[in-house]
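Report on the structure given below.
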Protein chains: 2
Amino acid sequence: MAKLDDTDRQLLMLLQEDDRQALAVLSEKIGVAVSTINDRIKRLVRTGMISGFHARIAPEAIGLDLLAFIMVSWSNPKVEAIFLERVKASPDVLECHHITGAWNYLLKVRVGTTRDLERFLTETIKAVDGVERTETLITLSTTKETWSVRV
Amino acid sequence: MAKLDDTDRQLLMLLQEDDRQALAVLSEKIGVAVSTINDRIKRLVRTGMISGFHARIAPEAIGLDLLAFIMVSWSNPKVEAIFLERVKASPDVLECHHITGAWNYLLKVRVGTTRDLERFLTETIKAVDGVERTETLITLSTTKETWSVRV
DNA sequence: ATTGAAACCGAGCGTCC
DNA sequence: GGACGCTCGGTTTCAAT
């Protein structure tokens with residue numbers, strides 16, 4: 001974990017908001033030369049601080065209207081490997097976290113309709129032998145969903 | 001919700017994985033002219049299918065080692081407005097969803113250490129008058145965390 | 001004084017329009 | 001094809017030793 005100076009921090013803030021600003025614009029905003037901006041971005045990528053550049057798709061604009069969080073648990077530890085396999089392969093699953101508490105895993109899932117969600121639950125989750133319980137929290141509305149972290 | 005043809009879909013897939021590919025590369029992969037790629041991207045942005053281009057920061061690389069999901073509830077409906085205000089203003093909160101089930105809201109929160117989490121809970125969440133219960137699920141490990149949706 | 005790292009400058013070139 | 005913006009060498013500055 002290399003340390004960041006103020007230029008790096010400002011750059012990260014600006015790029016996580018919008019990575020398509022011209023180097024000249026970034027140079028202007030931060031107050032260093034264009035080539036410096038270029039060097040810094042390259043370094044941030046090389047050192048792994050920036051892990052990628054991604055277009056963000058508006059989910060509802062393409063018909064992905066249902067967001068759900070699904071908590072899953074089992075008692076046989078052998079279940080985990082198969083479960084993770086399935087989950088990684090499924091494009092419906094955006095996130096998969098091993099969590100503390102009463103449940104083993106928390107999934108963030110985005111699909112089109114409740115029918116898709118039902119299909120996901122039966123064909124992807126409950127199809128894994130040994131999965132004992134699930135609880136699904138449906139998102140009614142989303143107030144905030146940002147990819148920008150404090151830097 | 002405009003309809004997408006196959007070119008749009010391929011383009012969205014490629015750009016959400018990596019938005020810095022040259023138009024010529026995209027043209028090659030999809031098999032249409034460079035100018036078409038350019039037009040399509042512009043249209044996808046204009047129509048709101050693409051809502052932005054963002055550099056992704058590796059959270060652990062900058063010391064954000066703790067990810068938590070916090071469920072919150074209250075009984076007085078007047079609490080909601082103040083709660084959302086605080087949550088929107090907090091850089092620790094990445095997501096805030098109104099959910100079904102026993103809880104009112106689900107938050108996704110990223111901070112440095114357990115101390116920061118404690119401070120967040122006391123100063124941001126429990127400081128909201130009327131918040132009655134919270135439950136925090138700490139993420140032990142993350143198997144999958146993608147921004148790419150099925151298109 | 002010497003060295004190394006980082007910032008700056010400008011010309012060349014690739015990319016976009 | 002023309003223009004813009006990025007890239008990448010060389011050069012300079014600055015800090016630390």
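Below, chains carry the letters A, B, ... as their sequence lines are ordered, and counting in each starts from 1. None of the values given here were measured: they were computed from a predicted structure.
- Going from atom CD1 of A:Ile30 over to atom P of C:dA7 covers 11 Å, rounded to whole Å.
- Distance A:Asp5 CG to C:dA7 C1': 12 Å, rounded to the nearest Å.
- B:Glu132 and B:Ser75 are linked by a side-chain donor-acceptor pair at a separation below 3.5 angstrom, with hydrogens and angles left out of the test.
- Neither OP1 nor OP2 of C:dA6 sits under 4.0 Å from any side-chain N or O of A:Arg40.
- As a whole-Å value, the separation of A:Arg46 CZ from C:dA5 P is 12 Å.
- Between A:Ile37 atom CD1 and C:dA7 atom P the separation is 10 Å, expressed in whole Å.
- Side chains of A:Asp116 and A:Thr113: a donor-acceptor N/O pair is present below 3.5 angstrom, by distance only.
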Any chance you could lay out the salt bridge (charged side-chain N to carboxylate O under 4.0 Å, His left out) test for B:Arg110 and B:Glu145, step after step, and finish with the verdict? CA-CA 13 Å; B:Arg110 211 183 269 284; B:Glu145 187 174 26; 3.1 Å; yes
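- Rounded to a whole Å, the CZ atom of B:Arg20 is 13 Å from the C1' atom of D:dT7.
- Between the side chains of B:Glu95 and A:Thr142, no donor-acceptor pair of N or O atoms lies under 3.5 Å.
- When rounded to the nearest whole Å, the span between CZ of A:Arg43 and C1' of C:dA7 equals 11 Å.
- The six-membered or imidazole ring of B:Tyr105 lies near that of B:Phe83, with a centre-to-centre distance under 6.0 Å.
- The number of heavy-atom neighbours closer than 6.0 Å to CG of A:Asp18, taken from other residues, nucleotides and ligands shown, is above 12.
- Summarising the geometry, the separation between CG on A:Leu26 and C1' on C:dC8 is reported as 17 Å, rounded to the nearest angstrom.
- Put simply, CG on A:Asp39 is 13 Å from P on C:dC9, counting in whole angstrom units.
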Pairs: protein N or O with nucleotides 15-17 of chain C N or O, under 3.5 Å:
residue: C:dC16; atom: OP1; partner: B:Leu23; partner atom: N; Å: 3.3
residue: C:dC16; atom: OP2; partner: B:Leu23; partner atom: N; Å: 3.0
residue: C:dC17; atom: OP2; partner: B:Asn38; partner atom: OD1; Å: 2.4
residue: C:dC17; atom: OP2; partner: B:Asn38; partner atom: ND2; Å: 3.2

